[in-house]
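Below is one structure, written out as structure tokens; comments come after it.
These numbers were taken from a predicted model, which means no experiment stands behind them. We name chains A, B, ... by the order of the sequence lines, and we start the count at 1 in each one.
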Protein chains: 2
Amino acid sequence: MPDATVRRLSAYLRQLEHLAAAGIAQVSSRQLSEYIRVGAAQVRRDLALFGQFGQPGRGYVVVNLIDHLRRILGTQQTWRVVLVGAGQLGHALLRYPGFAGRGFELVAAVDCDHRKAGKRVGGVAIRPLEDLEEIIRHTDARIAILTVPAAAAQDLANRLVEAGIEGILNFATPVLEVPQGVHMAHVDITAHLEQLSFRLVSNNIA
Amino acid sequence: MPDATVRRLSAYLRQLEHLAAAGIAQVSSRQLSEYIRVGAAQVRRDLALFGQFGQPGRGYVVVNLIDHLRRILGTQQTWRVVLVGAGQLGHALLRYPGFAGRGFELVAAVDCDHRKAGKRVGGVAIRPLEDLEEIIRHTDARIAILTVPAAAAQDLANRLVEAGIEGILNFATPVLEVPQGVHMAHVDITAHLEQLSFRLVSNNIA
DNA sequence: GTATGTGAAGTTATTCACAGCG
DNA sequence: CGCTGTGAATAACTTCACATAC
């Protein structure tokens, strides 16, 4: 399934959640496409890849489409997620209220700094790094978020894979090597700023 | 210029910085392609869109290519960046050491909480929200990072655009509307987790 | 021998446009 | 009449393969 399509599904879902909160019951592909930067045909095509969710003449029922998208994305269930690295960014994620209700639950954080162990942040316990494997086994977490310094990232990724983690959201700088079958998502803040920079300088030319 | 290409340029640059730090002087498109998940021809094609940087038979000189990519991405110069929202995530970004040396400098942070004003985090002053426009004028910042609650994001984006900001890196949930000519980048953490979730559930089927 | 840069081929993604349904 | 879902057309991106340069 095209990567770009799956990314857009998330965008649709985000917008639909917003519409639902505003009490809007029906939406057409045209309306939905106006919020996202995408054509109306693209919206219909993306959705049609997974089934027929709309009513000709009426559009889509917002709460139905939300339900379908959650099922498609696999967030109808709740995923238990382990946070590796309880630094500044880790703390911010522990306090982030947007995971609950979208299918993700931080079940524990680990950090190599033993002084942090035992504390609770955002309702989540911080535990020593040594407990990592046991936590994963015990909680059945299949997804991990990695917020550690660049130098430690690859080693910890290896440990996560070894412990059975199947998806890693990496906030560290380096591109990590993981075996086939383990999925990576990478948030590179500098790269995003570089995209903006590029657009600003190429605007001046073209 | 294809969006995907520009994203890959950032990935190449990151890898090249890594190679340079390790003291490696030359690299071929094949070697570079092995780190990133991309074909060797793709690397050559991407680079060739901007000029001829390689030596047939030898590959690319690492430091030269870094220099070229920085010039292309516009990060040879240093961009002054304003941070809007000094919450948990904002604090993490203020302390992030990866901006310096990659062409970005946080010149100030603003927050609507007056108790935070006057403090310094990571060497950057936090100032009251009211000063936003003056800071932008005074520092000539053209890029802003937005780390505020969802409800406030659109209003602040409007203020940023009004004050002359041309690129916004948005960490808030909603997709923001900005006029033509203003560039947006969106970091949606939940969306990344949803990508992982999708890959995990679709693996079980296919 | 090795590796670039690039036409040409191949593949994938997006848009068009319309039949068919509500 | 409005809007979906989709075959057909178009556009965009990627890979192949090789002439050329070191």
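Under a 4.0 Å N-O distance rule, the pair Glu166(A)/Arg199(B) does not qualify as a salt bridge. We find that Glu177(B) and Arg37(A) are not joined by a salt bridge, their nearest charged nitrogen and carboxylate oxygen being 4.0 Å or further apart. At a threshold of 4.0 Å, the pair Asp155(B)-Arg159(B) does not count as salt-bridged, since none of the basic side-chain nitrogens sits closer than that to a carboxylate oxygen.
Distance, Arg37(A) CZ to dT14(C) P: 16 Å, rounded to whole Å. In this structure, CG of Leu32(A) is placed 16 Å from C1' of dG5(D), rounded to the nearest angstrom. As rounded to whole Å, 11 Å separates atom P of dA3(C) from atom CD of Glu34(B). Following rounding to the nearest Å, Arg30(A) (CZ) and dA17(C) (C1') show an atom-to-atom distance of 14 Å. Rounding to whole angstrom units, CG of residue Leu47(B) and C1' of dA3(C) are separated by 13 Å. A straight line from CZ of Arg58(B) to C1' of dG5(C) spans 17 Å, rounded to a whole angstrom. Atom OH in Tyr12(B) sits roughly 12 Å away from atom P in dT4(C) (whole-Å rounding). The CD-P distance, from Gln26(A) to dG22(C), rounds to 14 Å in whole Å.
Atom OG of Ser10(B) and atom CD of Gln195(A) lie 4.5 Å apart (nearest 0.5 Å). In this structure, Tyr60(A) OH and Ser28(A) OG are separated by 9.0 Å, a value rounded to the nearest 0.5 Å.
Checked against dA3(C), dT6(D), dG5(C), the side chain of Ser28(B) finds its nearest nucleotide in dA3(C).
In the model, Thr75(B) has no side-chain atom that pairs as donor or acceptor with a side-chain atom of Glu194(A) under 3.5 Å.
The phosphate of dG5(C) (OP1 or OP2) has a side-chain N or O of Tyr60(B) nearer than 4.0 angstrom. Contact annotation: Gln55(B) side-chain N/O to dG5(C) OP1/OP2 distance is not under 4.0 Å. For Gln52(B), a side-chain nitrogen or oxygen approaches OP1 or OP2 of dT6(C) to under 4.0 Å. For the OP1/OP2 pair of dA3(C) and a distance below 4.0 Å, the side-chain nitrogens and oxygens of Ser29(B) include no atom meeting the criterion.
By the 4.5 Å heavy-atom criterion applied to side chains, Val182(A) and Ile165(A) are not counted as neighbours.
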- Message: For a quick check, with a 4.0 angstrom heavy-atom cut-off, what is the B/S/- contact string for nucleotides 12-20 of chain D, read 5' to 3'?
- Response: -SSB-B---
